[in-house]
Amino acid sequence: MATLTRADLATAVSEETGWTHRDARKFVDAAFEAIMSRLEAGEAVKLTGFGSFNLRDKPARLGRNPRTLKAAPITPRRVVSFRASHVLKKRIDNGMSGGGDGS
């Protein structure tokens, strides 16, 4: 399975819009920067038809090193979670079953 990179996204934007690759790359970078800035500020990000990025606070807990089985504290942290929209879920499900274009 191939990985989609920022460069791949910029190429897709360039082909779809007719922009130069350089301008498309600036657009992709600006979009990611806007998403990261909002998350950094503690805000959720909702991309209609795609999904939502939310922040969750995970409390401190006691974990275990699987190799040594020794207990180790895990510090509290904030993590980003993604929840796919029903539109994206439907498209993925249709892709798995070989059906239509997902619309």
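Side chains included, hydrogens not; waters and symmetry mates left out as well; all remaining heavy atoms used.
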*Asks:* Do we see a donor-acceptor contact under 3.5 Å between the side chains of Glu15 and Thr11?
*Replies:* no
*Asks:* Please find the pair of heavy atoms, one from Ala24 and one from Ala10, that lie closest to each other, and give the distance.
*Replies:* CB-O, 3.2 Å
*Asks:* Test of understanding: clusters of I, L, V, M, F, W, Y form through side-chain heavy atoms closer than 4.5 Å, transitively. Do Phe27 and Ile35 belong to the same one?
*Replies:* no
*Asks:* Test side-chain contact (heavy atoms from CB on, under 4.5 Å) on Leu39 and Leu55; report intermediate values, then the result.
*Replies:* CA-CA 7 Å; Leu39 289 170; Leu55 294 171; 4.3 Å; yes
*Asks:* Taking the side chain as every heavy atom from C-beta outward, state whether Lys58 and Arg78 have any atom pair closer than 4.5 Å.
*Replies:* no
*Asks:* Do Asn54 and Val80 come close enough that some side-chain heavy atom pair is under 4.5 Å?
*Replies:* no
*Asks:* Are more than 12 heavy atoms from other residues, nucleotides or ligands located less than 6.0 Å from atom CZ of Arg56?
*Replies:* no
*Asks:* Got a second to check how far Asp57's CG is from Arg77's CZ, nearest 0.5 Å?
*Replies:* 10.5 Å
*Asks:* Would a distance-only check, ignoring hydrogens and angles, find a side-chain to backbone donor-acceptor pair under 3.5 Å from Arg64 to Lys70?
*Replies:* no
*Asks:* So, using side-chain contact (heavy atoms from CB on, under 4.5 Å) as the criterion, who are the partners of Ala34 when residues are at least two apart?
*Replies:* none
*Asks:* According to side-chain contact (heavy atoms from CB on, under 4.5 Å), who are the partners of Thr3, at least two apart in sequence or on a separate chain?
*Replies:* none
*Asks:* Under 4.5 Å between side-chain heavy atoms, hopping through other hydrophobics if needed: is there a path connecting Leu4 to Val13?
*Replies:* yes
*Asks:* May I ask you to decide whether Lys89 forms a salt bridge with Asp93, counting only side-chain N to carboxylate O separations under 4.0 Å?
*Replies:* no
*Asks:* In sequence, state the C-alpha distance, the side-chain angles, and the governing distance for Leu9 and Phe32, and then conclude on side-chain contact (heavy atoms from CB on, under 4.5 Å).
*Replies:* CA-CA 11 Å; Leu9 285 173; Phe32 280 122; 3.7 Å; yes
*Asks:* Considering only distance and modelled atom types, tabulate donor-acceptor pairs under 3.5 Å from the side chains of residues 41-53, sequence neighbours left out.
*Replies:*
unit_1, atom_1, unit_2, atom_2, d
Glu43, OE1, Arg38, NH1, 3.0

*Asks:* Taking all non-hydrogen atoms of both residues, which atom of Ser14 and which atom of His21 are closest, and how far apart?
*Replies:* OG-N, 3.8 Å
